[in-house]
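The residues of the chain are indexed from 1 along the displayed sequence.
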Amino acid sequence: MQVTQQRYYTPEEYLELEEAADYKSEYIDGQIIPMAGGTINHNQIALNLSSELNFAFKKQHYRVYMGDVRLWIAQKRTYTYPDVMILADEPEYFNNRLDIIVNPQVIVEVLSKSTKGYDREGKFEAYRTIPTFQEYLLIDQNRIHVEQYSKTGKKQWALREYDEEDEAIALVTVPFEISLQDLYNKVQFELVESEVESADIER
């Protein structure tokens, strides 16, 4: 991840800059970090999951947000944009701003090569400081592989992995299940292989 400038920004300065920016950035304790652009596979996976969640929760009190809703993590002084968030209750807005929430129960990130390390470590550490946060899904966009972390107690998390197309992921903290076949519907892994091959040729 690359920082735009080695200077300190206040959260207020970040929000002002973000409103005028042509692209999204994260804010991490004074630093503004541009977010990498999404791929077709990334978008397809997030859309598949969000669509299934939205349909499943149509007559329930859960809320689903995708991509453009900003999350404020107070203990880490961080603003970020998770790929998908599930709220068990009404949204709690930060400073009465309708574009910033603070109370997700489930967070989902679709992994990319440039961010997967941060998503697994630094970002997960930050998410764990959110009182309402109970479950974390990390979805690989380059192969069939999902990591599911669910909170089992104070400072305790259980991990389950999925890598077979005929498996189904059942969320632990909300009533929802999706097959990996549906999660990866229309995802084309050969596009990733083509991109890698092209990069190798260019080198």
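Taking the six-membered ring where tryptophan is involved, the planes of Tyr14 and Tyr27 are tilted, since the angle between them lies from 30° to 60°. Using cut-offs of 30° and 60° on the angle between ring planes, the pair Tyr136 and Tyr149 is tilted.
Put simply, CD1 on Ile107 and CE on Met85 are 7.0 Å apart, with the number rounded to the nearest 0.5 Å. Atom CD1 of Ile169 sits about 5.5 Å away from atom CG of Leu183, to the nearest 0.5 Å. Arg77 CZ to Tyr79 OH: the interatomic distance, rounded to the nearest 0.5 Å, is 9.5 Å. With rounding to the nearest 0.5 Å, the separation of OG in Ser25 from CD1 in Ile33 is 9.0 Å. Atom CG of Asn103 sits about 9.5 Å away from atom CD of Glu90, to the nearest 0.5 Å. Here the CD1 atom belonging to Ile130 is positioned 9.5 Å from the CD atom belonging to Gln75, to the nearest 0.5 angstrom.
Members clustered with Met66: Leu47, by chain and number, using a 4.5 Å side-chain heavy-atom cutoff among hydrophobic residues.
Counting only distance, with no hydrogens or angles, the side chain of Tyr65 and the backbone of Asp68 share no donor-acceptor pair below 3.5 Å. Side-chain atoms of Gln31 never come within 3.5 Å of backbone atoms of Ile28 as a donor-acceptor pair (strictly under, hydrogens ignored). The closest donor-acceptor contact from the side chain of Asn95 to the backbone of Arg97 lies at 3.5 Å or more, if one exists at all. The main-chain N or O of Asn41 is never found under 3.5 Å from a side-chain atom of Gln188 such that the two would form a donor-acceptor pair. The closest donor-acceptor contact from the side chain of Lys123 to the backbone of Pro82 lies at 3.5 Å or more, if one exists at all. A distance-only check finds no donor-acceptor pair linking the side chain of Ser51 to the backbone of Leu49 [under 3.5 Å].
Side-chain contact check for Gln105 and Thr132: no donor-acceptor pair (N or O, by modelled atom type) lies under 3.5 Å. For Gln141 and Ser112, the side-chain atoms include no donor-acceptor pair closer than 3.5 Å. Residues Gln44 and Asn48 bring a donor and an acceptor atom of their side chains to less than 3.5 Å of each other.
Of all heavy-atom pairs between Asp29 and Thr78, the closest is N-OG1, 4.5 Å. Contact between Ile101 and Pro91 at its shortest, heavy atoms only, is CG2-CB, 4.2 Å. Across every non-hydrogen atom of Met35 and Tyr81, the tightest pair is SD-CD1, 3.5 Å. Scanning both residues, Asp89 and Arg63, for their nearest heavy atoms gives O-CD, 4.2 Å. A pairwise comparison of heavy atoms in Ile86 and Leu53 identifies CD1-CD2, 3.7 Å as the closest pair.
Contact of the Val172 side chain with the Lys151 side chain is not registered, since no non-hydrogen atoms from C-beta on lie closer than 4.5 Å. Contact check for Phe124 versus Leu138: no side-chain heavy atoms found under the 4.5 Å cut-off. At least one side-chain heavy atom of Asp140 sits under 4.5 Å from a side-chain heavy atom of Arg143. Contact annotation: the side chain of Glu147 approaches that of Arg120 to within less than 4.5 Å [non-hydrogen atoms, C-beta and beyond]. With a 4.5 Å cut-off on side-chain heavy atoms, Val106 and Val84 do not count as touching.
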- CA sep, side-chain torsions, deciding dist, call: Ile139, Val108, side-chain contact (heavy atoms from CB on, under 4.5 Å): CA-CA 8 Å; Ile139 305 172; Val108 181; 3.6 Å; yes

- Determine, stepwise, if the pair Glu26 / Thr80 fulfils side chain to side chain donor-acceptor pair (under 3.5 Å). CA-CA 5 Å; Glu26 294 182 322; Thr80 187; 2.4 Å; yes

- Message: Determine whether Ile40 and Val187 satisfy the following criterion, side-chain contact (heavy atoms from CB on, under 4.5 Å), listing intermediate values before the conclusion.
- Response: CA-CA 8 Å; Ile40 290 175; Val187 173; over 6 Å; no

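Sorted by first and then second residue, the side chain to side chain donor-acceptor pair (under 3.5 Å) pairs with a member in residues 175-186 read Ser179-Asp182; sequence neighbours excluded. Screening residues 84-104 for ring-ring contact (aromatic ring centres under 6.0 Å, His included), with sequence neighbours left out, gives Trp72-Phe94. Each ring-ring contact (aromatic ring centres under 6.0 Å, His included) pair with one or both residues in residues 35-58, not counting sequence neighbours, appears once here: Phe57-Tyr62.
Evaluation of the side chain to side chain donor-acceptor pair (under 3.5 Å) rule for Ser150 yields no partner, not counting sequence neighbours.
Note: the hydrophobic cluster containing Phe133 does not contain Val110 (ILVMFWY, side chain heavy atoms under 4.5 Å, direct or indirect links). In this structure, Phe176 is not a member of the same hydrophobic cluster as Leu87, with clusters built from ILVMFWY side-chain heavy atoms closer than 4.5 Å. Following chains of ILVMFWY side-chain contacts shorter than 4.5 Å, one can reach Val146 starting from Val64, so the two form part of one hydrophobic cluster.
Within a 6.0 Å radius of CD in Glu13, other residues, nucleotides and ligands contribute more than 12 heavy atoms.
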In residues 152-165, what donor-acceptor pairs under 3.5 Å come from side-chain atoms, sequence neighbours left out?
residue : atom : partner : partner atom : Å
Thr152  : OG1  : Gln156  : O            : 3.3
Glu161  : OE1  : His145  : NE2          : 2.8
Tyr162  : OH   : Gln148  : OE1          : 2.5

